Each structure stands twice: as structure tokens, then as C-alpha cells.
Amino acid sequence: MADPQLLLRQRFAEALERIDPSLAGADPVIRPSQHADFQVNSAMALGKRLGRNPRELADQLLAEVELAGIASQLEVAGPGFINVTLDDAYLAGCLADLRDPRRGVPAAEPAERVVIDYSAPNVAKEMHVGHLRSTVIGDALARTLGFLGNEIIRHNHLGDWGTPFGMLIEHLLDLGEQEAATELSVGDLNGFYKQARTKFDGDEAFADRARARVVALQAGDVETLRLWRLLVDQSELYFSSIYDRMGVTLTDTDYRGESAYNELLDGVVDELRAKGLLVTDDGAECVFPEGFVGREGEPLPLIVRKRDGGYGYAATDLAAIRFRMLDLDATWLLYVVGAPQSEHLEMVFAVARMAGWLEPPARAEHVAFGSVLGDDGKIFRTRSGETVKLADLIDEAIGRAAEVVATKSPHLDATEQAEVAEAVGVGAIKYADLSSDRVNDYVFDWDRMLSLQGNTAPYLQYAHARARSIFRKADLEPPTADQPVAVTITHAAERELTKQLVAFAGAVASVADGMRPHRLCTYLFDLAQTYTAFYEQCPVLRADDEAVRASRLDLCDLTAGVLAQGLDLLGIEAPERI
RNA sequence: GCCCUCGUAGCUCAGGUGGACAGAGCAUCGGACUUCUAAUCCGGCGGUCGCAGGUUCGAAUCCUGCCGGGGGCGCCA
């Protein structure tokens, strides 16, 4: 077991159960401590539960717990804390499986089939900052939950259906297919959309054609569908190019837009009706899930079918749940969607449960996130008040990173500088988005995210490159996965680094607990800081003892490996040189 | 009006489901480079954890009420 905290948890849990069978399953509450390596906090609460003196219980726990060869020092302190200091040799031994590809991270048990719904841009519309967080957070979760051994199904729920497509298709015809395709493929989606919108608003004849086209689209007219498909295909090509630049793992096969559920909507409504859940209210067909109220305290409907007979997004969302659960056999659904949609999603989940499509232990979870703000504290926009295109954001990030690289890394050739600028620029945007609790809003600040100091991607990338550079400097090949780790602790800084390294598995697991990637960020930042402290204090190549040198080289290699792995789970590149 | 969410150092944020004096980073002040990449490190300064009650041996964390910011509240997604 790589993570000593997990072992302590197990050993103390066993001891608790031996002391009193009623304590079986109780959490021993092992936490990192300022007074030792770890502290055990359970004696106070459990002592109270048993009506016993907490200190006495702590003493008994110490007598009972089996930690030979693991702890070098154990003591009871204060009202009943137990301080645990790990044995150095044991601690170093925990590094053993940190070199293998899983970096000591145990596979989730049981593995689940998880559908993650994220990114979801709109066809024939530019991707903008509004899609940034869903894309970045969703991808980090997909990577991390996948690494933990779950089967991940990515769904990119494109906005590819609805009334705007009438005007978009008519505009496409006006332009000519060839011309329209060119315009869309170069990525001028906003221009295309705005032109259509302008005509729709200003030209009656055009508006009539557009409305007629919507009817034809919904009626399944073959020619109309072909034109619609053209729009969708061109947009998907464009989105894919953005994902590619951003290093997002969404691919062509993950596109599953709203239109994919069209043919299922009738069945969904029929089933809701058959189950007696449907209520006709004001002409609309609704389900009233319990516990949701509107302005006047009246029951709030989820409108499945509108008064005009059309389907709204609620119907599509229900069809998607049904499909993911019943056809894909998922056990866990994640929706990486902004916080404002919280009530809507909760209602959809509630209705899906009522319909029997979402039976526990299977569950759906809204992974909500806050807004990206400008320095004025309002939604992030350009100076002229426009929404910020993702493409422009990426360009600027790479441009700014390139300036830094040009001054700080003259030792790299032009090609390598460009590669590093890309990794640093894109990484900075992603890390800024991931490194604070997702439910909070955050202020978009170029200088802070690209800073070489502090909790930023560039700082982590630098620490990684520095650890790697030692091997180049010494003209050594880094160890391969099958070589044994041979770390011996001879210095306090080595010990701190070792402790931090072996906590990787716990850090990764903590992301899955509550869908919080920022915990991995915090861990990696701590690791980078601990490593640089080690690096300052402990000569590696210049170590006077051959065994110490080998041991420290291993620490460098493991640190670089864990940093790279952790960054990869966040979707961030770690260049070998910087 | 109701519901959700946030409020921690001058600034940006952590704080693992109640634990030992509240932690980082930035900024600021003071130190360390003929470097294993100083894109770094070491140290100092800095907090009535929005306010007021309550539960508890013990509260930034749980409960209640207030104050303040953001968001949502039937046919858009």
C-alpha cells in the first residue's frame, strides 16, 4: 500500500473493532499533523459515544493497534489525540510502487460506467468563455475518473437543434453551400450567426422562409436535413480543432447533440403518461416533482411538452437520462454545467427517478461551477463588451507565454520555444480554472495565471522540468518502470518530499470525492514546493556518497513522474525542458 | 417574496464532512546567485474566519436569525 494514511486508517479501524465490536466501521479519522506525521482524532468522539474517558480510550487504542515496523513513535496528547510518527525505512518503502504506470493509485472498486456530459457548444456559434469551464473541468474529471479505473463515456451534448436552425439554413442557402462551408470552416461562426440573425430581424420575407424551414426540419424533410447536417458537420470540425489546440480529450465519436434524442421524445412522453406522471396544465404537458415551488409557492412544473406540441429541453434531458441509464447501462451520470441550471437539473433528476430510470445506487450529479469574471467583477467580456472567443483566448495565452519563454528560455531553439509556449499558455488557462473550488466564481487575470511564482501551471511545469533536467545534466537515462526504487532517508527535506510523494494516491482519490479537481492542484503545488526545498538543501549529483546520490536521483525521478502524471490528469502538459 | 450559492490576511484562495495556536500564494520589507535551470529558496510583517445568538469538552466547519455579493424562480437551453 503506497499511501501510509490508508494503512493507518485500516490498522486503527481494526484496533477499534477489537476494543469494542460496536465500533466496527467507525472512521478512525487519520489526518496529517503539525505535531507528528499523522494524528488520530477519533478517540474524543468515540470515547464520548461509549461513555468513556477519551484519553483512556486513546491509551487502549495505542496498546491495541498493530504498527510494528510502521510507526517509530506513538504518543497520546491533549484530550486524546494520538500522534503517529512513521518509521523512516517504512516510509521510504512506500515509494516502491510509485514508479509503476499507476503511480501507486489503486483502481476504484467497483469500477463504474460513468457518462460525463460536458463542453456542449452550440452549432453555428463560436465557442466562447462560457464553454471554458465545462470543457476544462469536464475533461479533468474524465481523465481522473478514468485513471481511477472507471469506464468513461464522454458525451458532448451539442446544441444542434431548435428554431435558430431555420434562419441558419436559409442563410446558408443565400450564401451558397460552398461559400457557407468555407466561412464556417475558417471558424467565423459568429459572423455567420449574426448575419442570419440580422436578416431574420430585418427582413420579413427571410423570416417567413426561416420559419417555414423550421417546420420542414422538424418534419424530417430530406433536403432540409442535408443542409442542417452540413452546418453540424462544419461546426464539429471547428470544435474539434479547438479541442485539439486545448488538449481536450473529446473526439468526433463523443458528439452526441440534442438532435440525437429526437426520435426518442415521443416514447419518453408516452412512458411518463403511462406511469401517470403527466399532468396537462395550461395546455402544456408537465410533471410536478415534489419539493419544487415557484414564485407564489405553487408547485413548479417540468414542462415536457409545450402548449404548441413541441418538445422543450426538459424532454431532451429526460430522453438523455433514459438513454444513458437504460441503453448504455451507466451507473453514474455527471453533468458539468453552470450553477444557474441547478434547479432545472434537480427537477429533471427527480422526474427521472419518478419514472424509474434512475434507480439507486445509480445516480446523477450536477457538477456545478461559478462564472468567469473580468477584473470589474462582472462576467468576463472584451473591452468592447463582446463575449470572448475561446480561439482568441488560446491565441493570447500562447502569445503571452511566448514572450515569457523568449526572455527566460533563450537556451531553447525556436521550435522548442514555441512548443513550450503552447504548453505553458494553455496550461495556465486550465490551471487557473481548476485550482480553486469550482463552485466559486473566479476573476480571469492573465498576469496571475501566467506568473512563474505561486500556485500556477508555469510554476509546476518549471519544477517538473527542473527535476528532469538533472538526468540530462548527468547524462543519465531516467530509471524505467521495472527498476526498483532505492530511497534511503538521510535528510529532513528528503523525508518531507517522500511523505508528499506517497500521498499522491489519496490526492487523486480526493478529486473523485465531490468532483473537486482543485484538491489535486493543491497537492501538486505542495509537492512542487516541497521538491524545490529539497532541491535547495540536498545536492543530488554532487552528493558525496554514491548511495545518497542514487537515492536522491530516485526522488527526483519520482517527483517528476508524479508531477507529470498529476498535470496530465488535469489535462496539462509537462514539457521535458523549459 | 421564495429557493440556491458565496462571504477567511491589503489582493487571490486553501482549510479532507467539529479537533491541538486559522494555512498558502501574491503584494510589501529583509536576506541568499562564478546555480544540479534564481521561472528559485530562506526569513519578517499581516486575520474580531460578514454580524449576533445557539449546540458541544472543543465551531471557520453544525443549527437559527440578520447583513452583503452573485444566480435562479412555466412553455429559451
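Please read these numbers as outputs of a predicted model, since none were measured by experiment.
Closest to the A:K306 side chain, of the nucleotides B:A39, B:C76, B:G71, is B:C76. Closest approach to the A:L452 side chain among B:U56, B:G19, B:A39 is made by B:A39 (side chain taken as heavy atoms from C-beta onward). Comparing B:C73, B:G15, B:C41 by their closest approach to the side chain of A:E343 singles out B:C73.
When the side-chain nitrogen and oxygen atoms of A:T532 are compared with OP1 and OP2 of B:C41, one or more of them lie within a distance under 4.0 Å. Distances shown here put a side-chain N or O of A:Q453 below 4.0 Å from the OP1 or OP2 atom of B:U40. A close approach under 4.0 Å does occur between a side-chain nitrogen or oxygen of A:Q529 and OP1 or OP2 of B:G25. Residue A:K408 has no polar side-chain atom (N or O) positioned under 4.0 Å from OP1 or OP2 of B:U37. Dashed line: the shortest gap from a side-chain N or O of A:S469 to OP1 or OP2 of B:U37 is under 4.0 Å. For A:Y459 and B:C26, the shortest distance from a side-chain N or O to OP1 or OP2 is not below 4.0 Å. Of the side-chain N and O atoms in A:H518, one or more sit less than 4.0 angstrom from OP1 or OP2 of B:G15. Considering only side-chain N and O atoms, A:R516 lies nowhere under 4.0 angstrom from the phosphate OP1 or OP2 of B:U17. Checking the phosphate oxygens (OP1, OP2) of B:G16, no side-chain nitrogen or oxygen of A:N41 falls inside 4.0 Å.
Evaluation of atom-type donor-acceptor distances gives no pair under 3.5 Å for the side chain of A:Y462 against the base of B:A39.
Taking the six-membered ring for Trp and the full ring otherwise, A:Y531 and A:F534 have centroids separated by under 6.0 Å.
Put simply, the side chain of A:Y442 reaches to within 4.5 Å of the side chain of A:R133, judged on heavy atoms. No side-chain heavy atom of A:D117 sits under 4.5 Å from any side-chain heavy atom of A:L333. Looking at A:L412 and A:S409, their side chains come closer than 4.5 Å, going by heavy atoms from C-beta outward.
Residue A:A43 is the one, among A:A43 and A:N122, whose nearest nucleotide of RNA chain B lies closer to the 5' end (criterion: closest heavy atom).
Rounded to whole Å, atom P of B:A77 lies 9 Å from atom CG of A:D317. Here B:A22 presents its P atom at 9 Å from CD of A:Q34, a figure rounded to the nearest Å. Separating the CG atom of A:D445 from the C1' atom of B:C13 is a distance of 13 Å, rounded to the nearest angstrom. As a whole-Å value, the separation of A:Y311 OH from B:A77 P is 14 Å. B:U8 atom P lies 14 Å from atom CG of A:D437, rounded to whole Å. Taking atom CZ on A:F525 and atom P on B:G23, their separation rounds to 17 Å, with Å as the unit. Taking atom CG of residue A:N83 and atom P of nucleotide B:G19, one finds them 15 Å apart after rounding to whole Å. Note: CG (A:L373) to P (B:C11) measures 16 Å, nearest angstrom.
Ion pairing between a basic and an acidic side chain is recognised when a charged N comes within 4.0 Å of a carboxylate O; A:E285 and A:R307 show no such pairing. Classification of A:R468 and A:D557 as a salt-bridged pair holds, one side-chain N sitting under 4.0 Å from a carboxylate O.
The gap from the C1' atom of B:C51 to that of B:U8 amounts to 14 Å, rounded to the nearest Å.
With hydrogens and angles left out, the side-chain atoms of A:Y335 and A:D317 include no donor and acceptor closer than 3.5 Å.
A:W228 and A:W161 have perpendicular rings, their planes meeting at more than 60° on a 0 to 90° scale where under 30° would count as parallel.
Taking a pair as Watson-Crick or G-U wobble with both distances under 3.5 Å, RNA chain B forms stems of 3 or more consecutive pairs at B:1-7 with B:67-73, B:10-13 with B:23-26, B:28-32 with B:40-44, B:50-54 with B:62-66.
Stacking between A:F81 and B:A20 is shown: the ring centroid lies under 5.5 Å from the centre of the six-membered base ring, and the planes differ by under 30°.
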